[in-house]
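Presented below is the structure to which this report refers.
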Amino acid sequence: MTDNLKVGVVGGTGQLGSAIATAWLSSGEVAPQDLWISNRSGTAAGFEAWPSVNVTASNQDLADHCDVILLSVPPALAGTIGVSAPGKLVISVMAGICLQTLGDLTGSRKTVRAMSSPAARWRLAYSPWVAVPGLEPRDRTIVEMLFATCGSTDEVSDEHQIEVFTAITGPVPGFAAYFADCMVQYAVAGGVDPKIASKAVKQLLLASGEVMSDSQLPPAAYVQEMIDYGGTTAAGLLKLQDLGVDRLIAEGLDSCVERVRTIAGAD
């Protein structure tokens, strides 16, 4: 438990904010009466199972009552959050909003920039984070604990890495869904029923994730193992390598990272 700390989520009924808050509640890490949610309507949609959660339409009301504030609103709306929180621990999962801007927006000198994903609802998210220099160990422990409840987490050394992870692990299923769809379409072109093809590929990704997560080996080790075996999969993997698929994926991810750097501005 967070030792009765009052924790608030600005944008708490949005897709990401509600996923993170649900993980905290369902794990017991944050007690319902210690959680505050703010949104424009002041309603608690999605939190009916926890009637003692505090709900408000005022972001400042939330900030006044909470020790830890998570900002989870669309990045283009960051300038409208209307939160003054000097002395409070402020964590942001808003893509593209840097630590300096977070401090300017909230008046807090204890800011953390992070990225998570809606997979937090099932406690399957990967949530890297970076803090302003000099953040106290107690605050670091709180951040680690809150994000560990959502799945896996690491503190990283600079903000650029958060931008990279915004592209790689922020969207779920993201790029994995694209690769899965390519495989489904291949199966369908080969005469497989679309429902069966989709079921098979989803199971493949589920099994692959379980196998890799249960080991310390990097993904490259599994690729090399299959190539060394020299079977049917090796033929396909070698062809993809010859075609430069790794380069194409890197170019796609580069585009994501570039978008992270501009997404907070008006389109």
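Counting begins at 1 with the first residue of the sequence. For clarity, every value in this text was computed on a predicted model and none was experimentally measured.
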Problem set entry | Donor-acceptor under 3.5 Å (Asn59 side chain, Ile81 main chain) | yes
Seminar exercise, completed: residues 221-250 vs side chain to side chain donor-acceptor pair (under 3.5 Å), sequence neighbours excluded, gives Ser215-Tyr222, Gln224-Asp228, Arg247-Glu251
Exercise. Could you go step by step and tell me if Ile20 and Leu16 meet the side-chain contact (heavy atoms from CB on, under 4.5 Å) rule?
Worked result: CA-CA 6 Å; Ile20 293 172; Leu16 182 53; 4.0 Å; yes
Exercise. Would you call Phe47 and Thr13 a side-chain contact if the rule is heavy atoms closer than 4.5 Å?
Worked result: yes
Exercise. NZ/Lys6 to CG/Leu62 distance, rounded to the nearest 0.5 angstrom?
Worked result: 12.0 Å
Problem set entry | Side-chain H-bond candidate by donor/acceptor type, Ser108 with Thr106, under 3.5 Å | no
Exercise. Looking at Glu210 and Ser213, what are the two nearest heavy atoms and their distance?
Worked result: O-OG, 3.1 Å
Problem set entry | Sub-4.5 Å side-chain heavy-atom contact between Leu124 and Val172 | no
For residues 83-99, run the donor-acceptor check on the side chains, cut-off 3.5 Å, and write out each pair with its distance to 0.1 Å, sequence neighbours left out.
| from | atom 1 | to | atom 2 | distance (Å) |
| --- | --- | --- | --- | --- |
| Lys88 | NZ | Ala63 | O | 2.5 |
| Lys88 | NZ | Cys66 | O | 2.8 |
| Ser92 | OG | Met94 | N | 3.0 |

For this session: Tell me, please, which residues at least two apart from Ala57 pass side-chain contact (heavy atoms from CB on, under 4.5 Å).
Result: none
For this session: Looking only at non-hydrogen atoms, find the nearest pair between Trp129 and Ala114 and report the distance.
Result: CB-CB, 3.7 Å
Seminar exercise, completed: Correct closest heavy-atom pair for Leu25 and Ala31 would be CD2-C, 4.2 Å
For this session: Give, for atom SG of Cys150 and atom CE of Met145, the distance between the pair rounded to the nearest 0.5 Å.
Result: 11.5 Å
Exercise. Going by heavy atoms in the side chains, are Val143 and Thr153 under 4.5 Å from each other?
Worked result: no
Exercise. Does one hydrophobic cluster hold both Tyr186 and Val192, with members joined at side-chain heavy-atom distances below 4.5 Å?
Worked result: no
Problem set entry | Test item: Phe179 and Val201 side chains (from C-beta on) under 4.5 Å apart, heavy atoms | no
For this session: Might you confirm whether atom CD of Gln185 has over 12 heavy atoms from other residues, nucleotides or ligands at distances under 6.0 Å?
Result: yes
Exercise. How far apart are the C-alpha atoms of Glu163 and Arg113, what are their side-chain angles, what is the distance that settles it, and do they pass the side-chain contact (heavy atoms from CB on, under 4.5 Å) test?
Worked result: CA-CA 10 Å; Glu163 295 172 352; Arg113 180 180 177 184; 3.6 Å; yes
Exercise. What distance do Arg123 atom CZ and Thr22 atom OG1 have between them, rounded to the nearest 0.5 Å?
Worked result: 12.0 Å
Exercise. For Ser38, which of Val10, Ile69, Val73 qualifies under side-chain contact (heavy atoms from CB on, under 4.5 Å)?
Worked result: Val10
Exercise. Side chain to side chain donor-acceptor pair (under 3.5 Å): which pairs involve residues 62-76, sequence neighbours left out?
Worked result: Gln60-Asp64, Asp61-His65
Exercise. Does Val257 share a hydrophobic cluster with Val156, counting links as ILVMFWY side-chain heavy atoms below 4.5 Å and allowing steps through other members?
Worked result: no
Exercise. Quick one: do Met183 and Met226 end up in the same hydrophobic cluster if we chain Ile, Leu, Val, Met, Phe, Trp and Tyr together by side-chain heavy atoms under 4.5 Å apart?
Worked result: no
Exercise. Do you know which two heavy atoms are closest between Leu105 and Ala78, and how far apart they sit?
Worked result: CD1-O, 3.8 Å
Exercise. Who are the side-chain hydrogen bond (donor to acceptor under 3.5 Å, both in side chains) partners of Ser157, not counting sequence neighbours?
Worked result: Gln161
Problem set entry | Verify same cluster id: Leu102, Phe165 (apolar side-chain graph, 4.5 Å) | yes
Problem set entry | Nearest heavy-atom neighbours spanning Ala176 and Leu205 | O-CD1, 3.8 Å
Exercise. Is Arg140 reaching over with its side chain to a backbone N or O of Leu135, donor-acceptor style, under 3.5 angstrom?
Worked result: yes
Problem set entry | Check: Ser18/Arg121 side-chain N/O donor and acceptor closer than 3.5 Å | yes
For this session: Check for a donor-acceptor pair, side chain of Asn54 on one end and backbone N or O of Leu35 on the other, with a separation under 3.5 Å.
Result: yes
Exercise. Can you find a heavy atom in the side chain of Ile227 that is under 4.5 Å from one in the side chain of Leu238?
Worked result: yes
Exercise. Atom CH2 of Trp50 and atom OG of Ser26: how far apart are they, to the nearest 0.5 Å?
Worked result: 5.5 Å
Exercise. Would Leu206 and Gln203 count as a side-chain contact (heavy atoms from CB on, under 4.5 Å) if you check the C-alpha gap in whole Å, the side-chain angles of each, and the deciding distance to 0.1 Å?
Worked result: CA-CA 5 Å; Leu206 174 63; Gln203 189 65 29; 4.1 Å; yes
Exercise. Near Arg109 CZ, under 6.0 Å, is it more than 12 heavy atoms from other residues, nucleotides or ligands?
Worked result: no
For this session: Would you check, one step at a time, whether the test side-chain contact (heavy atoms from CB on, under 4.5 Å) holds for Val7 with Asp34?
Result: CA-CA 6 Å; Val7 183; Asp34 293 332; over 6 Å; no
Problem set entry | For Val188 against Ala197, the heavy-atom pair lying closest together | CG2-CB, 4.2 Å
For this session: Check which hydrophobic residues are tied to Leu253 through side-chain heavy-atom contacts below 4.5 Å, counting indirect links as well, and list them.
Result: Val164, Ile168, Phe175, Leu240, Leu243, Val245, Ile249
Exercise. With hydrophobic residues grouped by side-chain heavy-atom distances under 4.5 Å, do Val260 and Met115 end up in a single group?
Worked result: no
Exercise. Is a side-chain donor or acceptor of Trp24 paired with a backbone partner of Thr149 at a separation under 3.5 angstrom?
Worked result: no
For this session: Give a yes or no on whether the backbone of Ile162 and the side-chain of Thr166 come within a donor-acceptor separation of less than 3.5 Å.
Result: yes
